[in-house]
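For ligands, and for the atoms within them, numbers begin at 1 and follow the listed sequence.
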Amino acid sequence: MERKEFLSLVGVSVGAIILQNCMTSCKNDSTPTPANNGGNTGGNNGGGTTTGITGNNLKANGTIDFTIDLTSASFADLKTDGKAIVSGDVIVARTKTGTYIAVAKACTHQGTTVSFEPDNNRFNCSNHGSNFDLTGKVINGPAASPLTQFAAVFDSTKNTIKVS
Ligand code: FES
């Protein structure tokens with residue numbers, strides 16, 4: 001093998017290693033997991049399907065319209081006042097007075113998943129401190145736009161919450 005061929009081969013190999021390392025470290029890790037889900041619990045934090053959900057809970061799939069089966073263990077928290085779960089792109093909460101509410105989970109500042117703060121009757125973004133009221137309206141920024149509010153209708157006969 002001539003020197004020029006050798007150097008060319010080494011260059012290609014080094015390039016492949018750099019590319020592989022970049023691909024590994026640059027993977028998209030923006031999908032929330034239960035571990036980085038703020039104070040919310042349960043649900044299917046990354047979206048998609050899970051036991052106890054029927055319908056669409058992801059904005060990318062069109063209109064948000066889904067039903068939560070409260071008999072599912074995944075959503076047991078929603079039987080308790082002051083608890084919240086994230087399902088797809090939506091955070092569903094039960095206030096301290098037992099009312100179900102639902103808003104888009106992504107802070108309108110830079111997209112961090114907000115947490116429900118039942119004692120303060122608000123949603124908080126831990127990233128830069130924005131707060132939103134129970135309807136999604138901005139209490140304080142830096143976020144300037146409200147969280148999209150969804151209807152959350154409890155059906156005591158079916159033991160479900162319809163979010164749309
Ligand atoms: S991402 Fe929520 S306040 Fe900045």
Side chain to side chain, Val90 and Phe150, heavy atoms closer than 4.5 Å = yes
For [X], take its heavy atoms, then give the atoms of ligand 1 lying under 4.0 Å from any of them.
X      : result
Cys125 : 1 (S), 2 (Fe), 3 (S)
Cys107 : 1 (S), 2 (Fe), 3 (S)
Asn127 : 1 (S)

inquiry  = Under 4.0 Å between a side-chain nitrogen and a carboxylate oxygen: does that hold for Arg94 and Asp81?
reply    = yes
note = Ile91 and Val114 have their tightest heavy-atom pair at CD1-O, 3.7 Å
Taking [X] for its side chain and [Y] for its backbone only, find out whether a donor-acceptor pair lies under 3.5 Å.
X      : Y      : result
Ser130 : Ala143 : yes
Asn61  : Asn56  : no
Asn120 : Arg122 : no

note = The atom of His109 among N, O or S that is nearest atom 4 (Fe) of ligand 1 is ND1
ask   = In His128, what N, O or S atom is nearest to atom 4 (Fe) of ligand 1, if we give its atom name?
value = ND1
task = Could you find the nearest protein heavy atom to atom 1 (S) of ligand 1 and give me its residue, atom name and distance?
result = Gln110 N, 3.3 Å
task = Return the residue, atom name and 0.1 Å-rounded distance of the protein heavy atom closest to atom 3 (S) of ligand 1.
result = Ser130 OG, 3.2 Å
